[in-house]
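Note that the structure is predicted; figures quoted are calculated from it, not measured.
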Amino acid sequence: MADVLITVRLPAPATLEAAMRRLGLAEDEVDAAYGLVPVDPARDLYVLRVTEDAGRRVGGGADGGPFSDPPIEPYGPPR
Amino acid sequence: MRVLIQMRPSPDLVAAVADPSVPSTTSDVADGLPGVVLDHSYAPVAVPRPMPAAPGGDPLSLNQPLVFSMAPQDASVVVRGEIADDEVASRMALLPAARRDVVAVYADPAIETTLTCAGDPAVGDWHDVERLLCVPDLAAEGLDGSGVPVAVVDTGVNAAYLKAARGQDVAVDQERSWSPQSVSGTPGDFPVDHGTMCAFDALIAAPKASILDVPVLLTRRRGGSTLDGLLSDAIAAYAHLREVLDAQPAESRALVVTNSWGSFSPRWDFPPGSPGNYSDNPAHPFNLIVGSLAEAGADILFAAGNCGRQCPDGRCAYPDRPIVGANSHPRVLSIGGVDTTGTRVGYSSQGPGRLAGRKPDLCAYTHFAGSGALGDDEPDSGTSAACPVAAGLVAAVRSRWPSTVLSTAQLRTLLRRTADDRSAVGYDYDYGYGVVDAAGVIAALRRRAAKAA
């Protein structure tokens, strides 16, 4: 289950494949449907969603993560 | 925070305060207390000293027979004032040490009628909100939301329902709307629910705005409730909104993003202090993309949440400081809720925020009979309703003031400065800088336009 986020810096045009190669991630460790999402174009910063094990393995290096991906809910009506 | 300050001035002064025939003022007793805005309308009050009734009693115990002495050498005097919310702890500790005549500083909690809570009937209706937001005056200035996209990041919008409820056409911009891959459906044609309420409330002040439907709370996850999503969906949505913003010509750049959602519990988050944490960590990717989108020219508003101390939502699980993550981001407006009488609703979350201390920023109207999207007799409620009400006012401003002319930071400052302040010290953790004041906004924009001419 893909349940954490990691960030990676890649020069444009970045692709999910390039990110996986850079981070040493296998296909079954990455949420390909989520893809590679730009966070801050000015800083060439992207985020991808990976399994918790993969996040632990590749996070904490030159790139960022693993970061939590908590559920979000509507703030209303109050119960 | 309102406080009572117990003082022990000279016996002559205590005697004067205790004598009802002698007029005395706060200035006679206390002046220049550092960090305290004294309330000069409050006449100082002499307070007797409790003393043991029997000789040899414990002078410090209240659990014994007592007599109360109003003798000038025994009694003290109480005055009233206010201390800035973010200085309360230090001022309360330092005042008795810095001033020998200060005995102690106590909280002076407001004695209020019961605040509006979940389950209470609506307080007023959306036409009252229209009146309070001076919508005809905004329209007369050309501030009606024309040409301004308002992204409703929520559970999806139903345009047909909105049109029927408002009695006028509603523009949903399908081309610039966005859904997570797991969500099927057409923008503007989702089931009537929370997102439709938010769109309705944004349109009160900005009836001609274009709604961008962004149903991130419709994604399904294992074990989740019927209406929730993941923060990663919101990151993807914001990446899309960045493209929307960047595609606009500079001379008309405007994008308002309203977010009536958040995280109720630390259970699914890494603990504060962990590098991967969301609630307290400005380096989390969602907090980064929020800052990046705001920097690029989007006005981003978040609901403060429904975890107010008086009647919190049952889902609230943070033990304190419930305005977390992006809801407390320094580059967003965090919106608390007041009813149409201008009184804070009891469930509106109080500050300080976790990323920025001074949260909420502002309050806007909620708990009124509005869209009916949550049920025929259900008010538009929660800070969920307050946030899009404020977003509508922002969108109204943007119809004539694009972010290249009035930056997002300048607009945030303008809204804070013109807000109807609900305390004597300019900022408090209940109301923030105050309740949004459309008349004040109009006047400030007129002054700005005159200066630029």
Side-chain angles (χ1 to χ4, degrees), chain A residues 1-10 12-16 19 22-23 25 29-79, chain B residues 117-118 154-155 181-182 194-195 197 216-217 221-222 224-225 227-236 239 242 246 260-265 267-270 275-278 281 283-285 288-289 291-292 303-306 311-315 347 374 378-385 387:
Chain A
M1 182 181 170
D3 57 2
V4 297
L5 302 169
I6 53 174
T7 53
V8 59
R9 286 181 200 281
L10 288 171
T15 63
L16 180 61
R22 159 82 175 273
L23 297 168
L25 290 165
E29 293 179 313
V30 176
D31 184 347
Y34 185 73
L36 186 70
V37 176
V39 171
D40 188 345
R43 295 163 59 196
D44 294 329
L45 186 67
Y46 297 83
V47 66
L48 58 165
R49 193 155 64 179
V50 302
T51 62
E52 197 173 346
D53 287 346
R56 269 200 298 266
R57 191 180 75 244
V58 305
D63 299 300
F67 294 99
S68 63
D69 186 14
I72 51 177
E73 295 179 69
Y75 271 164
R79 299 178 196 162
Chain B
C117 287
D154 212 276
T155 63
Q181 200 171 52
S182 63
H194 188 264
M197 176 194 81
V216 298
L217 302 180
R221 64 189 174 86
R222 197 163 50 192
S225 62
L227 287 179
D228 66 5
L230 291 169
L231 197 58
S232 49
D233 297 318
I235 294 175
R242 178 63 188 265
D246 288 348
S260 292
W261 53 268
S263 171
F264 276 102
S265 168
R267 183 177 166 204
W268 303 100
D269 196 1
F270 295 131
N277 164 266
Y278 165 62
N281 180 12
H284 188 282
L288 289 179
I289 202 168
S292 166
N306 299 334
C311 42
D313 187 302
R315 293 169 289 178
Y347 50 73
L374 304 176
E378 286 294 321
D380 287 8
S381 65
T383 52
S384 275
C387 182

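For A:Phe67 and B:Phe270, the distance between ring centers is not under 6.0 angstrom.
Between A:Tyr34 and B:Ile235 the shortest side-chain heavy-atom distance falls below 4.5 Å. Residues B:Arg242 and A:Pro38 form no side-chain contact, since every pair of their non-hydrogen atoms from C-beta on lies 4.5 Å or further apart. Using a 4.5 Å heavy-atom cutoff, the side chains of A:Pro78 and B:Ser381 are in contact. B:Ile289 has its side chain out of reach of A:Asp40: every pair of non-hydrogen atoms, C-beta onward, lies at least 4.5 Å apart. Annotation: side chain of B:Asn306 is not in contact with side chain of A:Arg79 (no heavy-atom distance under 4.5 Å).
For A:Val47, the part sitting under 4.5 Å from any heavy atom of chain B is the side chain, from C-beta outward, and nothing else. Neither the backbone nor the side chain of A:Ile6 comes within less than 4.5 Å of any heavy atom of chain B. Both the backbone and the side chain of B:Tyr278 come within contact range of chain A, judged by heavy atoms closer than 4.5 Å. Proximity to chain A is limited to the backbone of B:Ala304, based on heavy atoms less than 4.5 angstrom apart. In this structure, chain A has heavy atoms under 4.5 Å from both the backbone and the side chain of B:Asp269. Within the 4.5 angstrom heavy-atom criterion, only backbone atoms of B:Pro275 (N, CA, C, O) approach chain A. Residue contact with chain A, scored on non-hydrogen atoms closer than 4.5 Å, involves the side chain of B:Asn281 exclusively.
No other option in B:Cys117, B:Gly262, B:Ser384, B:Ala303 has as many heavy-atom pairs under 4.5 Å with chain A as B:Gly262. Comparing B:Gly382, B:Ala118, B:Gly314, B:Pro285 by heavy-atom pairs within less than 4.5 Å of chain A, the highest count is held by B:Pro285. For the options B:Ser260, B:Gly291, B:Pro312, heavy-atom pairs under 4.5 Å to chain A are most numerous at B:Ser260.
Of the listed residues (A:Asp69, A:Ile72, A:Asp3), just one forms a side chain to side chain contact (heavy atoms under 4.5 Å, CB included) with B:Ser232, and that residue is A:Asp69.
The main-chain N or O of A:Ser68 is found under 3.5 Å from a side-chain atom of B:His284 such that the two form a donor-acceptor pair.
B:Arg315 is linked by a side chain to side chain donor-acceptor pair (under 3.5 Å) to A:Glu73, B:Asp313, counting only residues two or more places apart in sequence or in another chain.
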